[in-house]
Amino acid sequence: MVDIKRIRADFPALSRTVHGHPLVFLDSAASSQKPLPVLEAMERVYRECYANVHRGIYAFSEEATLAYENARDRVASFINAPVREEVIFTRNTTEAINLVAYAWGRTNIRPGDRILLTEMEHHSNLVPWQLLAQEKGARLVYLPITDDGLLRMDLLDSLLDERVKLVAVTMMSNVLGTITPVREIIQKAHGAGAVVLVDAAQAVPHMPVDVQDLDCDFLAFSGHKMCGPTGIGVLYGKEALLEAMPPFLGGGDMIRKVEWESATWNRLPWKFEAGTPAFVEGIGLGAAVDYLTGIGMEAILAHERELTAYAMERLSALPGLNIIGPPAHQRGGVVAFTFRGIHPHDIAHMLDMEGIAVRAGHHCAQPLHRRLGLTATVRASFYLYNTADEVDRLVQALERVGEVLGQ
Ligand code: 7TS
């Protein structure tokens, strides 16, 4: 069980008022709020040992380097990566996926090859593969979803033929909330000889993720969705794959030796970390990992599941409210819906006037919305600091929205 009162006290932003109402923050799937230990860890670096990493011989720089590399160790153990060299710091999930599309994809994808995605992918796990496929003459194929937002696993075997070189799949949909059977997908994809990238942007913040248990080849996630700062994300990759890949970005830190005409590369993980890294943010992410670990990922998942089930029960009792996606036991803390034909932006605006922050739009998943016959939805998303009272406030506010704007 999580001690919600204690947790909420760690997040200064949650005690704010918005438009005269206590803030109800229901947009953590876009980005989460930050607890004091993360803010303090970053402030400490700026105040006490701020100097560029990996180069200074002086104590300040060594302290910052140590703290940054120590954060990498903590992230590695958080996802159970066997070795720290497999944890590459990127800017976010998007950059991590682009890194693989560029460095792995441009070496390994050939004309006629196939890349298997699913119909529920975020644009971040879609557009990089479109660019790669267009450049290489490869083809994208999609594992379809059912009308209630589950993957059509019955079709996986027939799509996984020898032309599929890569499978890129989300571990949890940011729109439907669906938790996908990635472990089974990975096993089948490996059986067919394909490499698998898992988009874990919505998974790592909310549930235990173990890359060795999954046996994924690549896994991408963002610090800012898991109580960490913006500007820092992670690409986990199996060492042998990372070793064989050419660099992504060229510049300082990623080289071993530079001649006028050529260069050789630094060891992992720095081969993929060109230029001054976001090391203060990396240290912040390390503090976020400690914070989440202190509460326990199982406890966080259980709390969000309970809250999601309650929210779905209460929301679906509102006449004219339609939730998209699967039942509560198959999803994480994301609930997207339409309501009595009212435009999602109007709903979000009226909720904002009552201090309730939700997201409205296509949530960077336009093809998925089109597949469901929708252009936009309202999305409430939950995290470890949300409460049943906040769900009640959402429901009451929606009742008023219905009275004012409903047909
Ligand atoms: N993949 C998934 C499943 C996501 O939900 C997101 C962000 C990304 C990738 C990209 O992450 P980024 O940190 O690189 O931007 N999702 C959302 C969202 O649902 N609302 O805003 C961002």
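Whatever order the structure lists ligands and atoms in, that order sets their numbers, starting from 1.
- Checked by distance only, ligand 1 and Gln202 come closer than 3.5 Å through their nitrogen or oxygen atoms.
- Within the structure, the closest approach of His224 to ligand 1 falls below 4.0 Å when heavy atoms are considered.
- Counting heavy atoms only, Asp199 comes closest to atom 9 (C) of ligand 1 of the residues Asn98, Asp199, Asn174.
- The six-membered or imidazole ring of Tyr383 lies away from that of His303, with a centre-to-centre distance of 6.0 Å or more.
- Ring-plane geometry between Tyr46 and Tyr50 is classed as parallel, the angle between the planes falling under 30 degrees on a 0 to 90 degree scale with a further cut at 60.
- For atom 10 (C) of ligand 1, the nearest non-hydrogen atom of the protein is Ser124 OG, 3.3 Å.
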**Request:** Go through the steps to decide whether Met297 and Phe78 satisfy the test side-chain contact (heavy atoms from CB on, under 4.5 Å), and finish with yes or no.
**Result:** CA-CA 10 Å; Met297 295 311 294; Phe78 190 61; 3.7 Å; yes
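- Under a 4.0 angstrom heavy-atom cut-off, Arg379 registers as being in contact with ligand 1.
- Of the protein's non-hydrogen atoms, Thr94 OG1, 2.5 Å is the one closest to atom 14 (O) of ligand 1.
- The closest non-hydrogen atom to atom 20 (N) of ligand 1, taken over Arg359, His363, His362, Met120, comes from Arg359.
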**Prompt:** After noting the C-alpha distance and the side-chain angles of Arg106 and Glu135, does the key distance pass the salt bridge (charged side-chain N to carboxylate O under 4.0 Å, His left out) rule?
**Reply:** CA-CA 9 Å; Arg106 279 165 181 77; Glu135 186 184 316; 3.0 Å; yes
Can you give the donor-acceptor pairs under 3.5 Å from side chains of residues 209-220 to other protein atoms, not counting sequence neighbours?
from: Asp210; atom 1: OD1; to: Asn80; atom 2: ND2; distance (Å): 3.1
from: Asp210; atom 1: OD1; to: Gln212; atom 2: N; distance (Å): 2.9
from: Asp210; atom 1: OD1; to: Asp213; atom 2: N; distance (Å): 2.9
from: Asp210; atom 1: OD2; to: Asn80; atom 2: ND2; distance (Å): 3.1
from: Gln212; atom 1: NE2; to: Asn80; atom 2: O; distance (Å): 2.8
from: Asp213; atom 1: OD1; to: Arg183; atom 2: NE; distance (Å): 3.3
from: Asp213; atom 1: OD1; to: Arg183; atom 2: NH2; distance (Å): 3.4
from: Asp213; atom 1: OD2; to: Arg183; atom 2: NE; distance (Å): 3.3
from: Asp215; atom 1: OD1; to: Lys238; atom 2: NZ; distance (Å): 2.8
from: Asp215; atom 1: OD2; to: His190; atom 2: ND1; distance (Å): 3.4
from: Asp217; atom 1: OD1; to: Lys238; atom 2: NZ; distance (Å): 3.3
from: Asp217; atom 1: OD2; to: His190; atom 2: NE2; distance (Å): 2.8
from: Asp217; atom 1: OD2; to: Val196; atom 2: N; distance (Å): 2.7

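- Glu69 has a carboxylate O that lies under 4.0 Å from a charged side-chain N of Arg84, or vice versa, which qualifies the two as a salt bridge.
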Name each donor-acceptor pair under 3.5 Å that joins a side chain in residues 316-330 to protein atoms two or more places apart or in another chain, with its distance.
from: Ser316; atom 1: OG; to: Met312; atom 2: O; distance (Å): 2.6
from: Ser316; atom 1: OG; to: Glu313; atom 2: O; distance (Å): 3.3

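- Less than 4.0 angstrom separates some heavy atom of Thr93 from each of these atoms of ligand 1: 9 (C), 11 (O), 14 (O).
- In the vicinity of Ser222, heavy-atom distances shorter than 4.0 Å reach the ligand 1 atoms 11 (O), 12 (P), 13 (O), 14 (O).
- Protein heavy atom nearest atom 22 (C) of ligand 1, with residue, atom name and distance: Lys225 NZ, 3.3 Å.
- For an aromatic pair to be called close, the ring centres must be under 6.0 Å apart, and Phe89 with Tyr68 satisfies this.
- The atoms of ligand 1 that sit less than 4.0 Å from any heavy atom of Ala29 are 17 (C), 18 (C), 19 (O).
- Ranking the protein heavy atoms by distance from atom 4 (C) of ligand 1 puts His122 CD2, 3.4 Å first.
- Comment: Glu184 engages Lys188 in a salt bridge, judged by a side-chain N to carboxylate O separation of less than 4.0 angstrom.
- Numbered from 1 in the order shown, with element, the atoms of ligand 1 that lie under 4.0 Å from a heavy atom of Ala30 read 18 (C), 20 (N), 21 (O), 22 (C).
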